[in-house]
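Below: one structure, written as structure tokens.
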Amino acid sequence: MPALVLMASSQAMADIPATELMTVYKFNGPLEIPYFGVEAFQRSGTAAPAGTLTQGSSVVPCLVIRNGRPLADRNGTPFVGFEVVVDARRATGESTEQFRTAMAARRSMTVTNHHCGEGVAYVVDARNLYALDKPPKFDPPATDAPAVGPAGPEVTSESD
């Protein structure tokens, strides 16, 4: 009987819902959100960003575990590893469907834990990630759109 209980509890632990697809977002924040190398973050915190993620980018977060604890800054703010699904800087009209597909896959997936794999090299402040139920629309601006200024669109014609 005790072996059966142990097997049932280990099975339940393996069926954790996967983390949701998250969107990089900071209310009234800059367009670019910094991320940090895991090793550099452990040494010097947020002193040296490794790069930036554009707001609206979609990522799958995971927990970077060091010394048995999730990675955090000195104030206890969690910093999580991530895999980019849609980079808002390079998004196209098809990226919305890519977002939907990844969201559906994540919602139907179960995992053993939310820990990052060995290959995750970067972390971002978890407070800048939000789960959105509605996929963003990645509509790039039209290249032939008229310039818009304070007085409205510039209109030119052959009679000008």
Excluding sequence neighbours, so at least two apart, what forms side chain to side chain contact (heavy atoms under 4.5 Å, CB included) with [X]?
| X | value |
| --- | --- |
| Arg89 | Glu32, Thr52, Thr54, Asp87 |
| Ala18 | Arg106, Met109, Val111 |
| Arg66 | Val38, Glu39, Gln42, Val64, Leu71 |

Set out, in order, the CA-CA distance, both residues' side-chain angles and the distance that settles side chain to side chain contact (heavy atoms under 4.5 Å, CB included) for Leu21 and Phe99, then state yes or no. CA-CA 8 Å; Leu21 188 61; Phe99 178 95; 3.5 Å; yes
Is the shortest side-chain heavy-atom distance between [X] and [Y] below 4.5 Å?
| X | Y | answer |
| --- | --- | --- |
| Leu129 | Val59 | yes |
| Lys26 | Gln55 | yes |
| Val60 | Phe82 | no |
| Val24 | Val124 | no |
| Ser57 | Thr23 | no |

Could you tell me whether the side chain of Asn67 and the main chain of Arg69 form a donor-acceptor pair under 3.5 Å? no
Examine distances only and state if a side-chain atom of Ser44 and a backbone atom of Ala40 form a donor-acceptor pair shorter than 3.5 Å. yes
Run the side chain to side chain donor-acceptor pair (under 3.5 Å) test against Asn128 and tell me which residues pass, sequence neighbours left out. none
Closest non-hydrogen atom pair, [X] against [Y]:
| X | Y | value |
| --- | --- | --- |
| Pro49 | Ala47 | CD-O, 3.7 Å |
| Ala88 | Gly56 | CB-C, 3.8 Å |
| Val120 | Gly81 | CG1-CA, 3.7 Å |

So which pairs with a foot in residues 20-122 pass disulfide bond (SG atoms under 2.5 Å apart), sequence neighbours left out? Cys62-Cys116
Does Val84 belong to the same Ile/Leu/Val/Met/Phe/Trp/Tyr cluster as Met22, with side-chain heavy atoms less than 4.5 Å apart forming each link? yes
Please determine whether residues Leu53 and Val80 belong to a single hydrophobic cluster, defined as Ile, Leu, Val, Met, Phe, Trp and Tyr linked transitively by side-chain heavy-atom distances below 4.5 Å. yes
For the residue pair Phe36 and Phe41, categorise the inter-ring angle as parallel (less than 30°), tilted (30 to 60°) or perpendicular (more than 60°). tilted
Contact list for residues 108-134, test ring pair (Phe, Tyr, Trp, His ring centres under 6.0 Å), sequence neighbours left out: Tyr25-Tyr130, Tyr35-Tyr122
Rounded at 0.5 Å granularity, tell me how far [atom1] in [X] sits from [atom2] in [Y].
| X | Y | atom1 | atom2 | result |
| --- | --- | --- | --- | --- |
| Leu63 | Asn113 | CG | CG | 8.0 Å |
| Glu97 | Thr92 | CD | OG1 | 11.5 Å |
| Asp15 | Thr110 | CG | OG1 | 5.0 Å |

